[in-house]
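Positions are given from 1 along the sequence.
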Amino acid sequence: MKKKHVHEQQAILPHGHDCTEQDHSPPTGNQGRDGKAPPFPSTEEESEQQQPGVDLPEGAIVEILSRVPYRSLCRFKCVSKPWLALCSDPNVRKRSPQTLSGFFFKDHGRFNFRNLSGKGPPLVDPSLRFWRGIYDCFSVEQCCSSLLLCKCLKSHHWEDECDYVVCNPMTGQWTVLPPIGWLDEEDGAMVYFEPIRDIFLGFDAAVPSRFVVFVPLTNCFCEFTEMAIYSSETGRWTKVQSEWGYKTILVGNSECVFLNGTMHLATHYALVVTVDTEGKVWREIEMPEHSPDTNQLASIGKSQGRLYAWQIEDDHDCQLYVWVLEDCGGGKWTLKYTVNVPELFGRQPGQDDMSYKVFAIHPDCDLIFLTDEEEMAVSYDMENQKVNATCTFSQEFEDVLPYVPCFAEWASDAH
């Protein structure tokens with residue numbers, strides 16, 4: 001379905017959008033039977049006026065508050081000292097659901113971070129100080145929700161051997177991936193694979209204790225018939241036979257989506273190929289049939305638990321088309337939105353030579369982020385047709401990675 005091209009320009013920043021911040025009024029309660037602080041703390045004045053209520057066990061309280069968005073927990077701390085103590089409980093914070101909080105990006109070659117609100121100091125330290133003294137330099141290969149996959153070197157000489165490291169920048173935990181290797185079936189010797197051309201990280205915040213990494217075992221023509229899969233639970237790589245077509249050529253690290261325990265990868269042949277974490281279920285999904293520009297690849301992302309695809313048609317009116325995969329099993333795409341991109345930037349269609357790009361989609365609502373790759377970025381609420389100026393930047397603003405924080409800690413084998 002198509003939406004009308006009427007857009008309301010707003011001065012507010014994206015953090016005011018409903019999907020990035022939710023309002024929750026703190027519940028109140030009365031004194032517990034054992035004389036301790038009430039399970040739902042309130043001010044003394046409120047306690048005197050409260051009617052007798054249900055006394056909840058501590059485990060139930062933690063369970064309830066762990067489902068409250070982290071932003072709301074921060075506001076609840078201002079209610080009273082008991083609320084401050086309760087909402088500061090690490091067990092509550094670690095399990096609190098998160099949403100998009102900002103973007104990692106490169107700025108003149110330096111790794112940086114910008115809050116979604118556009119205000120305040122960065123939520124995350126982009127220098128990743130927790131491995132300082134071990135690695136001299138690093139490059140970020142990928143960000144999957146809350147985790148970063150980095151290529152790290154112990155010196156500034158890029159020809160030296162490198163480590164691939166998965167880290168949680170919020171908790172400072174990180175783990176080094178072992179070399180990709182397996183026992184040869186004939187002589188039992190270890191066989192190692194290198195160099196790595198493409199590497200894909202899979203992480204689901206609903207199961208924060210584990211992650212997976214996928215590496216196609218490509219040849220010099222970027223073709224492959226096997227896939228190596230690393231599991232943080234086992235700490236080992238396994239090699240599995242690919243069930244995709246032999247000529248499957250992947251777009252690369254930027255075009256991947258980990259959704260519902262399955263890795264989705266875009267290819268150069270208008271297909272999305274998928275594989276589960278155990279390498280047992282392989283599928284191919286055709287891209288939307290009625291793509292306006294068959295010579296240009298569509299990009300993929302995830303939002304609200306579904307796979308999205310989008311494409312900007314540069315040849316005519318610079319229209320943005322957004323599809324959603326309504327039926328994953330049947331591979332049915334539905335055209336959900338169309339919009340004229342220059343209008344989102346306050347420009348007349350066909351009267352500029354900017355190169356527009358969608359660099360992110362919000363994981364929890366119909367909000368997309370676009371850039372003209374020269375002057376500014378905007379967010380566009382596709383459902384309500386509202387535009388927000390996100391930020392201005394130089395031409396060096398590139399490789400933007402959306403980030404959702406996670407406070408949960410890994411097993412003890414991580415650094």
Side-chain angles (χ1 to χ4, degrees), residues 1-20 100 102-103 105-108 114-118 251 254-255 266 270 287-303 308-324 333-363 365-402:
M1 67 184 224
K2 287 189 177 182
K3 296 288 184 180
K4 296 180 181 179
H5 306 304
V6 179
H7 314 292
E8 178 182 343
Q9 292 283 348
Q10 293 187 321
I12 61 173
L13 290 168
H15 73 287
H17 193 279
D18 290 342
C19 64
T20 60
L100 182 66
F103 303 95
F105 64 96
K106 283 184 180 179
D107 185 10
H108 293 84
R114 184 188 297 271
N115 297 333
L116 182 62
S117 66
V251 174
S254 62
E255 293 295 337
M287 280 292 200
E289 292 183 1
H290 305 293
S291 174
D293 189 349
T294 56
N295 296 320
Q296 184 179 352
L297 296 174
S299 295
I300 58 174
K302 65 178 179 181
S303 179
Y308 277 69
W310 57 82
Q311 185 184 74
I312 295 179
E313 183 186 19
D314 293 327
D315 294 340
H316 299 91
D317 297 331
C318 203
Q319 292 273 80
L320 168 66
Y321 298 82
V322 180
W323 297 268
V324 61
W333 294 92
T334 300
L335 179 61
K336 196 168 185 181
Y337 301 104
T338 63
V339 63
N340 186 277
V341 178
E343 289 182 358
L344 303 182
F345 290 80
R347 300 165 184 155
Q348 293 297 321
Q351 296 185 6
D352 66 69
D353 56 356
M354 294 292 188
S355 176
Y356 298 101
K357 177 182 178 181
V358 175
F359 62 85
I361 185 169
H362 200 288
C365 61
D366 290 336
L367 189 70
I368 57 172
F369 300 85
L370 306 94
T371 170
D372 61 10
E373 298 192 300
E374 287 193 22
E375 297 179 0
M376 64 183 299
V378 301
S379 65
Y380 177 55
D381 183 338
M382 297 180 286
E383 185 65 29
N384 298 313
Q385 302 176 14
K386 295 181 180 179
V387 182
N388 296 320
T390 304
C391 60
T392 58
F393 50 82
S394 69
Q395 296 185 31
E396 296 297 323
F397 185 92
E398 58 184 357
D399 297 337
V400 184
L401 303 171

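Between Phe105 and Phe359, the distance separating the two ring centers is not shorter than 6.0 angstrom.
Applying the side-chain contact (heavy atoms from CB on, under 4.5 Å) criterion to Pro342, with sequence neighbours excluded, gives Cys318, Asn340, Arg347, Asp352, Tyr356. Here Leu320 pairs with Trp310, Ile312, Val322, Val339, Val341, Val358, Ile368, Leu370 under the side-chain contact (heavy atoms from CB on, under 4.5 Å) rule; sequence neighbours left out.
For the residue pair Tyr321 and Glu313, the shortest heavy atom distance occurs at OH-OE1, 3.4 Å. Shown here for Phe103 and Ala360, the closest heavy-atom pair between the two residues is CE2-CB, 3.7 Å. Nearest approach of Pro363 to Leu100, heavy atoms of both residues: CD-CB, 3.9 Å. In plain terms, the two heavy atoms of Ala298 and Met287 that are nearest each other are O-CE, 3.7 Å. Across all non-hydrogen atoms, the minimal contact from Leu297 to Gln311 is C-NE2, 4.1 Å. The two residues Asp399 and Lys106 have their closest heavy-atom pair at OD2-CD, 3.4 Å.
By the 4.0 Å N-to-carboxylate-O rule, Asp107 lies too far from Arg114 to be salt-bridged with it.
Going from atom CG of Asn384 over to atom CG of Leu367 covers 10.0 Å, rounded to the nearest 0.5 Å. To the nearest 0.5 Å, atom CE of residue Met376 and atom CE of residue Met354 are 10.0 Å apart. For the atom pair CE (Met382) and CG (Asp366), the distance works out to 4.5 Å, reported to the nearest 0.5 Å.
At least one side-chain heavy atom of Gln385 sits under 4.5 Å from a side-chain heavy atom of Tyr380.
Of the possible polar contacts, none joining the Ser379 side chain to the Phe369 backbone as a donor-acceptor pair under 3.5 Å is found.
Atom NZ of Lys302 has more than 12 neighbouring heavy atoms from other residues, nucleotides or ligands inside a 6.0 Å radius.
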